Amino acid sequence: MKTMINLIPLNKKVEVICTKKPVQLSEKRQNEIEAFWADINKDEKFYRGEVFDIETVTEKKDKYKIFLNTTDYAHHLHTVWNHISDEERCRTIFSAGLVETSDSKFIFGEMASNTAYPGRLQCAGGGLSNEDLDRDYFDLEKSVLRETKEELAIDEDKHVERCRPVLMKDVHIHDSLVVLYHLKVNLSESEFQENYQLYLNELKSNKEVPEFKNIVFIERNKEAVYSFFDQDYRSRDDYLEPFLKYMVE
């Protein structure tokens, strides 16, 4: 049985600062990354965009202070897919949002085949972007709201009643970090499905494909959540099970 990761209640501010300094890699590691990227991206499925790598994490009395340097998606994927754990690994921080409908259904998705993690269950979310920067500071809430709109067609102004950070991976244990948000929306399950179908139709007309190939709904109660994870054997992001179980305890 897979051991669940350690998530901690987020009762401090998370301050994320972009240093704008590029990550310095050895020639050997850079060559490994270039060969890896050439091999996995023969069909140009992935975009080699900017990624932000954790330089330091400092825990203070009232906040976590996290400094990020710049690298790219090839470095990130090379680290994750090859389980790199040395000093030249890429350590990221990202936000993810568990959506809850007005009739108390949790929503997350199964990643599509065109993504880096096909078939994996996860909440809407993703890595930080320059769009999330306010001067030198990253806005994690802005990031998760942007990703939720892009992946689930949930609009901050129209649909989101509340968005709050709940949990974070324990900074003393885990390399990469995730800040987990709970988003309460004013849509019922059926209203969400109707809105999401309009979004899928729009993507299709533009010859685009969604991030999720399937949407998962689970009632917000302990029996439903525990039963789901006992019976569903699809791969899933490591935070997903402990996050949902925490929400129904």
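Please read all numbers here as calculations on a predicted model, not as lab measurements.
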[X] side chain vs [Y] backbone, donor-acceptor pair below 3.5 Å:
{"X": "Tyr239", "Y": "Leu167", "answer": "no"}
{"X": "Ser205", "Y": "Glu202", "answer": "yes"}
{"X": "His75", "Y": "Glu88", "answer": "yes"}
{"X": "Ser102", "Y": "Ser188", "answer": "yes"}
{"X": "His159", "Y": "Asp155", "answer": "yes"}
{"X": "Thr148", "Y": "Val144", "answer": "yes"}
{"X": "Lys63", "Y": "Lys60", "answer": "no"}
{"X": "Asp232", "Y": "Phe228", "answer": "no"}
{"X": "Lys184", "Y": "Thr101", "answer": "yes"}
{"X": "Asp139", "Y": "Glu141", "answer": "yes"}

Lys/Arg N to Asp/Glu carboxylate O, [X] vs [Y], below 4.0 Å:
{"X": "Arg220", "Y": "Glu100", "value": "yes"}
{"X": "Asp136", "Y": "Lys20", "value": "yes"}
{"X": "Arg120", "Y": "Glu110", "value": "no"}
{"X": "Arg48", "Y": "Glu34", "value": "yes"}
{"X": "Glu249", "Y": "Lys222", "value": "yes"}
{"X": "Lys45", "Y": "Asp43", "value": "no"}
{"X": "Arg29", "Y": "Asp86", "value": "yes"}
{"X": "Asp62", "Y": "Lys12", "value": "no"}

Check: [Y] and [X] side chains under 4.5 Å, non-hydrogen atoms:
{"X": "Leu244", "Y": "Phe229", "value": "yes"}
{"X": "Asn41", "Y": "Tyr47", "value": "no"}
{"X": "Met247", "Y": "Leu98", "value": "yes"}
{"X": "Phe138", "Y": "Ser129", "value": "no"}
{"X": "Pro210", "Y": "Leu200", "value": "yes"}
{"X": "Val51", "Y": "Asp72", "value": "no"}
{"X": "Leu68", "Y": "Ile93", "value": "yes"}
{"X": "Leu152", "Y": "Ile215", "value": "yes"}

Who are the salt bridge (charged side-chain N to carboxylate O under 4.0 Å, His left out) partners of Asp170, not counting sequence neighbours? none

Does either side chain, that of [X] or that of [Y], offer a donor lying less than 3.5 Å from an acceptor on the other one?
{"X": "Asn195", "Y": "Glu191", "answer": "no"}
{"X": "Asn221", "Y": "Glu219", "answer": "yes"}
{"X": "Ser190", "Y": "Glu194", "answer": "no"}
{"X": "Glu147", "Y": "Ser95", "answer": "no"}
{"X": "Gln197", "Y": "Gln193", "answer": "no"}

Hphob cluster co-occupancy, [X] + [Y], side-chain heavy atoms under 4.5 angstrom:
{"X": "Tyr73", "Y": "Val23", "result": "no"}
{"X": "Val216", "Y": "Leu180", "result": "yes"}
{"X": "Ile218", "Y": "Leu121", "result": "yes"}
{"X": "Val80", "Y": "Ile33", "result": "no"}
{"X": "Val16", "Y": "Ile8", "result": "yes"}

Among Leu145, Val99, Asn186, Leu187, which residue meets the side chain to side chain contact (heavy atoms under 4.5 Å, CB included) test with Val160? Leu145

Of the options Leu177, Asp175, Thr79, which is the one that meets Arg91 in a side chain to side chain contact (heavy atoms under 4.5 Å, CB included)? Asp175

Is [X] atom [atom1] crowded by more than 12 heavy atoms from other residues, nucleotides or ligands, each under 6.0 Å away?
{"X": "Lys204", "atom1": "NZ", "answer": "no"}
{"X": "Glu150", "atom1": "CD", "answer": "yes"}
{"X": "Lys158", "atom1": "NZ", "answer": "no"}
{"X": "Glu208", "atom1": "CD", "answer": "yes"}

Using the ring pair (Phe, Tyr, Trp, His ring centres under 6.0 Å) rule, take Phe108 and Phe212 through it: C-alpha gap first, then chi angles, then the decisive distance, then the call. CA-CA 9 Å; Phe108 52 92; Phe212 292 132; 8.7 Å; no

Could you give the distance from [atom1] ([X]) to [atom2] ([Y]), rounded to the nearest 0.5 Å?
{"X": "Ile5", "Y": "Glu241", "atom1": "CD1", "atom2": "CD", "answer": "10.5 Å"}
{"X": "Tyr117", "Y": "Met111", "atom1": "OH", "atom2": "CE", "answer": "9.0 Å"}
{"X": "Arg89", "Y": "His83", "atom1": "CZ", "atom2": "NE2", "answer": "15.0 Å"}
{"X": "Asp134", "Y": "Cys18", "atom1": "CG", "atom2": "SG", "answer": "12.5 Å"}
{"X": "Ile66", "Y": "Phe52", "atom1": "CD1", "atom2": "CZ", "answer": "14.0 Å"}
{"X": "Ile17", "Y": "Phe67", "atom1": "CD1", "atom2": "CZ", "answer": "4.0 Å"}

With side-chain contact (heavy atoms from CB on, under 4.5 Å) as the criterion, how do Lys169 and Leu7 come out once you've worked through the C-alpha distance, each side chain's angles and the decisive distance to 0.1 Å? CA-CA 5 Å; Lys169 281 187 178 179; Leu7 298 176; 3.9 Å; yes

Sole candidate of Asp53, Thr56, Thr19 that passes side chain to side chain donor-acceptor pair (under 3.5 Å) when paired with Asn69: Thr19

Heavy-atom nearest pair, Ala96 first then Cys123, reads CB-CB, 4.2 Å

Centre of Tyr226's six-membered ring, under 6.0 Å away, within 45 degrees of the axis: is that where NZ or CZ of Lys245 sits? yes

Salt bridge (Lys or Arg N to Asp or Glu O under 4.0 Å) between Glu156 and Lys149, worked out: CA-CA 7 Å; Glu156 176 185 1; Lys149 184 174 183 179; over 6 Å; no

Anything under 30° is parallel, anything over 60° is perpendicular, the rest tilted; go ahead and classify Trp81 against Phe46. perpendicular

Measure the acute angle between the ring planes of Phe192 and Tyr196, then classify it against the limits of 30° and 60° as parallel, tilted or perpendicular. parallel

Run the side-chain contact (heavy atoms from CB on, under 4.5 Å) check on Asp132 and Arg146 step by step: do they pass? CA-CA 9 Å; Asp132 308 318; Arg146 173 175 52 79; 2.6 Å; yes

